[in-house]
Amino acid sequence: AQKITQTQPGMFVQEKEAVTLDCTYDTSDQSYGLFWYKQPSSGEMIFLIYQGSYDEQNATEGRYSLNFQKARKSANLVISASQLGDSAMYFCAMRALYNTGGFKTIFGAGTRLFVKA
Amino acid sequence: DGGITQSPKYLFRKEGQNVTLSCEQNLNHDAMYWYRQDPGQGLRLIYYSQIVNDFQKGDIAEGYSVSREKKESFPLTVTSAQKNPTAFYLCASSVDGISYEQYFGPGTRLTVT
């Protein structure tokens with residue numbers, strides 16, 4: 001079964017420090033994609049970063065990088081130089097082929113990040 | 001400005017009433033999606049549509065219905081058959097059914113008492 005697991009319900013980090021949010025996934029597909037989204041308290045989902053299963057380099061977008069370890073089926077998000085505005089819920093997600101055709105996105109339960117001043 | 005709008009932001013209904021949530025996009029995207037989010041949980045797919053006049057059930061479609069008569073619009077009706085309708089509902093769109101990046105609307109928080 002396709003599944004995303006985020007084992008950290010909440011995380012604290014000091015402002016300006018780096019933090020790693022864990023994500024493991026399970027799929028039997030050879031081709032898949034992994035994402036991270038940020039959800040502030042206002043509720044909207046903000047796309048952060050994407051990693052394709054065949055991408056050899058780890059994805060990076062500004063202060064965000066995705067530590068992709070295919071053999072371990074993990075796709076951890078690293079946020080460098082944390083800012084107070086990074087306090088939010090973070091979701092790991094995987095793009096999977098749906099049984100009725102087309103693709104769907106499977107989300108993990110999320111990790112709430114608190115950045116301390 | 002291109003984007004996705006959902007209205008209203010907050011919606012209150014009495015148990016037993018059907019309610020329709022609006023989702024409009026001006027991004028010219030073919031694919032649209034409806035997700036449900038419960039407190040402390042991730043998003044779960046209710047319905048999706050890859051093209052006008054076509055839609056498919058997601059993982060939790062029971063008690064919901066949708067239509068896709070126009071490319072820009074994908075309204076979701078929460079029927080009285082939905083046992084636990086109180087939740088946060090998010091609409092999203094993507095260029096097509098293959099594209100990985102989804103753009104989300106601001107969401108509608110539905111409370112049914």
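Given the structure is predicted, the values throughout are model-derived calculations rather than measurements. So that the names make sense, note that chain A is the first sequence line, chain B the second, and so on, each numbered from 1. Quick note: numbers below take in every heavy atom, side chains included, and nothing from hydrogens, waters or symmetry partners.
With a 4.5 angstrom heavy-atom cutoff, B:Y33 touches chain A only via side-chain atoms. Of the atoms belonging to A:Q6, not a single heavy atom falls under 4.5 Å from chain B.
Taking the centre of each ring, A:Y37 and B:F104 come in below the 6.0 Å mark.
Side-chain contact between B:Q37 and A:F91: present, with at least one pair of heavy atoms (C-beta onward) separated by less than 4.5 Å.
Environment of NZ in A:K16: sparse, with no more than 12 heavy atoms of neighbouring residues, nucleotides or ligands closer than 6.0 Å. Atom NZ of B:K70 sits in a sparse spot, with 12 or fewer heavy atoms from other residues, nucleotides or ligands closer than 6.0 Å. The environment of NZ in A:K73 is crowded: more than 12 heavy-atom neighbours from other residues, nucleotides or ligands sit within 6.0 Å. Surrounding CD of B:E62 are at most 12 heavy atoms belonging to other residues, nucleotides or ligands under 6.0 Å away.
The structure places CZ of B:R44 at 15.5 Å from OG1 of A:T105, a figure rounded to the nearest 0.5 Å. A distance of 9.5 Å separates CD in B:Q102 from CZ in A:R95, rounded to the nearest 0.5 Å. For the atom pair OH of B:Y35 and CZ of A:F107, the computed distance is 5.0 Å after rounding to the nearest 0.5 Å.
Counting heavy-atom pairs closer than 4.5 Å to chain B, the top-ranked of the candidates A:G43, A:C92, A:G110, A:S42 is A:G43.
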(request) Begin from the C-alpha positions of A:Q39 and B:L90 and carry the test side-chain contact (heavy atoms from CB on, under 4.5 Å) through to its verdict. (result) CA-CA 12 Å; A:Q39 187 179 43; B:L90 282 157; 4.0 Å; yes
(request) Please test B:L43 against A:M45 for side-chain contact (heavy atoms from CB on, under 4.5 Å), starting from the C-alpha separation and ending with a verdict. (result) CA-CA 10 Å; B:L43 280 64; A:M45 297 285 283; 3.8 Å; yes
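In the hydrophobic clustering of ILVMFWY residues, with side-chain heavy atoms under 4.5 Å counting as a link, B:L76 and B:V52 come out apart. Grouping the Ile, Leu, Val, Met, Phe, Trp and Tyr side chains by contacts below 4.5 angstrom, directly or via other members, places A:F35 apart from A:L48. A single hydrophobic cluster is not seen to contain both A:I4 and A:F47; linkage of ILVMFWY side chains at heavy-atom distances under 4.5 Å, directly or through other members, places them apart.
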